[in-house]
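So the structure is just underneath, and the comments pick up after that.
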Amino acid sequence: MNGLFSGAAARAAMRSAHACLDELTATVGRTGFAASAHDPALLAAIDQHAAGIRDSLSGDTRPLTAVILAAYAEGVRDAAFKHGWTAPAGEIDWSRPDWVLHRLLAVCALSRGLSA
């Protein structure tokens, strides 16, 4: 019975993680990727943040998964809110993104590379 329930839990975690990453991509990723296509500095910042995320999650020794990236993004958001950060209202101004937006956009970039 353990196998049945652990498999169900794993599938539920995966669905939840993909939903989290899909929402993040819809709210941050789409406009961020569009902006980075015209802004080399933003693209470089995304790459640097993605490298930092890989390092902090030991991405060089174990594969990143949707569950790991979604949990990381939730942790970044929770910590940011706890320290007074507020999400932008309306359209994100990618000409002046803060650290949190850079980090969340980097999560979106890393999630693009995951196998389905």
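Smallest separation of non-hydrogen atoms from Ala35 and Trp94: CB-CB, 3.5 Å. The nearest pair of heavy atoms linking Ser36 to Leu42 is N-CD2, 3.6 Å. In this structure, Ala50 and Ala106 approach most closely via the heavy-atom pair N-CB, 3.5 Å. Contact record, Leu101 with Val28: O-CG1, 4.3 Å, taken as the closest heavy-atom pair. When all heavy atoms of Leu105 and Gly29 are compared, the pair lying nearest together is CD1-CA, 3.7 Å. In this structure, Phe33 and Ala109 approach most closely via the heavy-atom pair CZ-N, 3.6 Å.
Checking side-chain atoms of Ser16 against main-chain N and O of Ala13 turns up no donor-acceptor pair under 3.5 Å. Remark: the backbone N or O of Leu57 is paired with a side-chain donor or acceptor of Arg62 at under 3.5 angstrom. A donor-acceptor contact shorter than 3.5 Å links the side chain of Thr25 to the backbone of Leu21.
Note: the hydrophobic cluster containing Val67 does not contain Leu114 (ILVMFWY, side chain heavy atoms under 4.5 Å, direct or indirect links). In the hydrophobic cluster analysis, where Ile, Leu, Val, Met, Phe, Trp and Tyr join through side-chain heavy atoms closer than 4.5 angstrom, Ile92 is grouped together with Phe81.
Here the straight-line distance linking atom CZ of Arg54 with atom CG of Leu69 works out to 10.0 Å at 0.5 Å rounding. One distance of note links CZ of Arg11 with CZ of Arg15; it measures 7.0 Å at 0.5 Å rounding. Taking CG of Leu64 as the start and OG of Ser111 as the end, the distance is 10.5 Å to the nearest 0.5 Å. Atom CG in Leu110 sits 11.5 Å away from atom OG1 in Thr65 (nearest 0.5 Å).
Qualifying side-chain hydrogen bond (donor to acceptor under 3.5 Å, both in side chains) partners for Gln48, counting only residues two or more places apart in sequence or in other chains: none.
Listed by first and then second residue, the side-chain hydrogen bond (donor to acceptor under 3.5 Å, both in side chains) pairs that reach into residues 95-108 are His49-Arg103, Tyr72-Arg103, Trp85-Asp98, Asp93-Ser95, sequence neighbours excluded.
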